[in-house]
Amino acid sequence: MDALSSIRKSALIICEKCLVFREQRLGIDLVHDDVEKELIKECEVIRGVENLLVRTLEQTQEQIRRLKATLYYMDHELEDKENNLRIDKHNLTLKETSLNLSIYHGTSRLDPSTIELNEWEIQTNNNIMIASKEVNCAITLRCYIDTIIKQAIDDLNEQKNATNEAFRRRIEETKEAKTKLELQHSEIMRQAEEMKENITRIEKSIAEKECFLALAHTRLGNRCQRPGLELTRDLVENNLVKEVYDLRDVMSKLQATMFEAQASLRYLLKTQIQIEEDINIKTNTLKIDEVDCMTLRQSMFYHVY
């Protein structure tokens with residue numbers, strides 16, 4: 001009864017709570033892993049042991065009922081035999097001179113006994129044999145119960161250890177994955193900072209080139225105001241035009257480099273957000289497995305009653 005109560009009120013409830021807790025895992029961690037399989041198997045083992053103990057309890061209660069019935073009949077028979085002994089002992093004390101002697105004048109038989117001595121002996125011996133049989137059955141059942149409970153507790157402990165080992169491995173895997181994600185997150189943040197600095201330098205360089213381009217355009221504009229014959233394509237004119245084209249080419253390349261850097265930065269920031277979500281998922285899983293489930297499972301204790 002104690003073993004059955006312990007399994008019903010403790011072990012099965014704890015396993016079912018662990019399954020409910022693990023349904024709160026998020027994203028990719030909401031997977032049918034080894035822990036899930038072992039927990040389901042543990043529930044099956046507990047229910048199997050519970051059914052076995054229920055049947056054993058029913059057998060025990062039936063045996064107790066039979067023992068009580070046997071004890072009742074034995075007590076009743078002992079009482080009859082004690083009364084018989086009391087009557088015979090009293091008859092032994094009577095003499096022909098004893099007081100209160102009387103002569104029976106009725107018509108009924110004075111010896112109403114219908115049971116022969118050998119029948120009495122057979123019935124008495126049968127009652128003793130039945131009582132002995134029930135006692136022996138009770139002893140055998142007690143040994144069977146002890147064996148059943150020990151085997152059941154061994155099976156439960158074995159499965160509990162298997163589930164705990166699955167939890168341990170899963171927690172270790174999750175911690176390792178979380179550590180790798182945290183390292184990757186730090187590296188992504190470092191690269192993002194470097195990319196931001198690169199973009200800042202490129203923007204600064206483009207701004208500087210815009211100043212030089214504005215200067216070249218202004219010089220060309222001013223030279224357009226030369227009078228008459230002086231408005232010639234001289235070496236200064238050629239160099240200024242070349243400088244404008246060169247600056248435009250450099251600025252175009254810088255713009256392309258900046259667009260690539262900005263795209264890389266957006267990718268890094270997107271990756272950073274995804275990694276942060278993955279870390280949160282792993283943190284949530286660790287809380288469920290290591291804190292909620294394993295703390296609850298520490299109260300699971302099987303022993304032979």
Side-chain angles (χ1 to χ4, degrees), residues 6-50 153-201 258-303:
S6 173
I7 292 171
R8 282 177 172 170
K9 295 182 179 180
S10 177
L12 186 58
I13 291 176
I14 289 173
C15 290
E16 289 174 343
K17 281 185 177 180
C18 287
L19 286 171
V20 172
F21 283 150
R22 300 193 92 243
E23 289 178 359
Q24 300 171 16
R25 291 173 295 166
L26 303 172
I28 195 173
D29 279 15
L30 190 58
V31 61
H32 187 64
D33 53 12
D34 289 340
V35 175
E36 197 86 359
K37 295 175 184 176
E38 293 295 342
L39 276 172
I40 293 173
K41 183 179 178 182
E42 189 169 19
C43 287
E44 293 174 352
V45 171
I46 291 172
R47 290 191 182 98
V49 169
E50 180 183 348
I153 296 303
D154 289 344
D155 291 343
L156 289 169
N157 279 321
E158 182 179 354
Q159 183 56 45
K160 183 186 76 171
N161 293 335
T163 305
N164 287 346
E165 177 61 21
F167 264 112
R168 187 195 64 77
R169 289 196 305 268
R170 187 59 176 166
I171 290 170
E172 186 176 334
E173 291 171 358
T174 305
K175 284 183 177 179
E176 184 178 351
K178 181 172 177 286
T179 299
K180 290 180 179 178
L181 286 170
E182 289 170 344
L183 292 175
Q184 188 177 1
H185 182 261
S186 298
E187 179 63 19
I188 292 293
M189 288 185 64
R190 185 190 66 78
Q191 293 179 8
E193 288 300 319
E194 287 184 357
M195 195 60 66
K196 289 178 182 178
E197 293 175 359
N198 288 337
I199 291 173
T200 301
R201 286 195 294 269
M258 186 177 70
F259 290 151
E260 291 179 0
Q262 288 174 338
S264 297
L265 178 60
R266 286 194 297 271
Y267 173 77
L268 288 171
L269 293 177
K270 181 180 178 181
T271 303
Q272 177 183 336
I273 292 173
Q274 182 60 54
I275 292 175
E276 288 172 353
E277 291 178 356
D278 291 342
I279 291 174
N280 289 335
I281 288 173
K282 294 293 182 285
T283 301
N284 179 68
T285 299
L286 282 174
K287 175 186 176 298
I288 291 171
D289 285 351
E290 188 173 28
V291 178
D292 296 338
C293 291
M294 290 308 294
T295 300
L296 191 61
R297 289 181 64 81
Q298 287 178 1
S299 61
M300 289 179 67
F301 179 69
Y302 304 115
H303 65 277

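All values below come from the heavy atoms of this structure, side chains included, with hydrogens, waters and symmetry mates left out.
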Asn280 (side chain) donor-acceptor with Glu276 (main chain) under 3.5 angstrom: yes

Side chain proximity check, Leu286 to Ile171, heavy atoms < 4.5 angstrom: yes

Within-4.5 Å side-chain heavy-atom neighbours: Leu181 and Lys178: no

Over 12 foreign heavy atoms within 6.0 Å of CD1, Ile28: no

For the student: nearest non-hydrogen atoms of Glu36 and His32, plus distance: CG-ND1, 3.3 Å

Spacing of CD1 belonging to Ile273 relative to CD belonging to Glu277, to within rounding of 0.5 Å: 7.5 Å

Contact summary for Ala192 and Leu269, nearest pair of heavy atoms: CB-CD2, 4.4 Å

Shortest non-hydrogen separation from Cys15 to Leu39 and the atoms involved: O-CD2, 4.4 Å

Side-chain heavy atoms of Met189 within contact of Ile275, under 4.5 Å: no

Residue pair Ile199 / Ala261: nearest heavy atoms and the distance that separates them: CG1-CB, 3.6 Å

Met195 versus Leu268, closest heavy-atom pair with distance: CB-CD1, 4.3 Å

Atom pair CD (Glu176) and NZ (Lys282), whose distance is rounded to the nearest 0.5 Å: 11.5 Å

Salt bridge (charged side-chain N to carboxylate O under 4.0 Å, His left out) assessment of Lys41 paired with Glu44: CA-CA 5 Å; Lys41 183 179 178 182; Glu44 293 174 352; over 6 Å; no

Heavy-atom side-chain contact between Lys287 and Thr283 under 4.5 Å: no

Distance, nearest 0.5 Å, that separates CD of Gln24 from CG of Asp29: 13.5 Å

Donor-acceptor under 3.5 Å (Arg25 side chain, Arg22 main chain): yes

Nearest-0.5 Å distance, CD1 of residue Ile14 to CZ of residue Phe21: 10.5 Å

From Thr295 atom OG1 to Asp289 atom CG, the distance as rounded to the nearest 0.5 Å: 11.0 Å

Contacts of Asp155 that satisfy side chain to side chain donor-acceptor pair (under 3.5 Å) - sequence neighbours left out: Gln151

Within 6.0 Å of CD in Glu158, more than 12 heavy atoms from elsewhere: no

Set of salt bridge (charged side-chain N to carboxylate O under 4.0 Å, His left out) partners for Glu194, sequence neighbours left out: Arg190

Summary of side-chain hydrogen bond (donor to acceptor under 3.5 Å, both in side chains) pairs that have at least one residue in residues 162-171, sequence neighbours excluded: Asp33-Arg170, Glu42-Thr163, Gln159-Thr163, Asn164-Arg297, Glu165-Arg168, Arg168-Glu172, Arg170-Glu173

Heavy-atom side-chain proximity of Asp278 to Ile281 below 4.5 angstrom: yes

Side chain proximity check, Arg266 to Gln262, heavy atoms < 4.5 angstrom: yes

Rounded distance (nearest 0.5 Å) linking atom CD of Gln274 with atom NE2 of His185: 11.5 Å

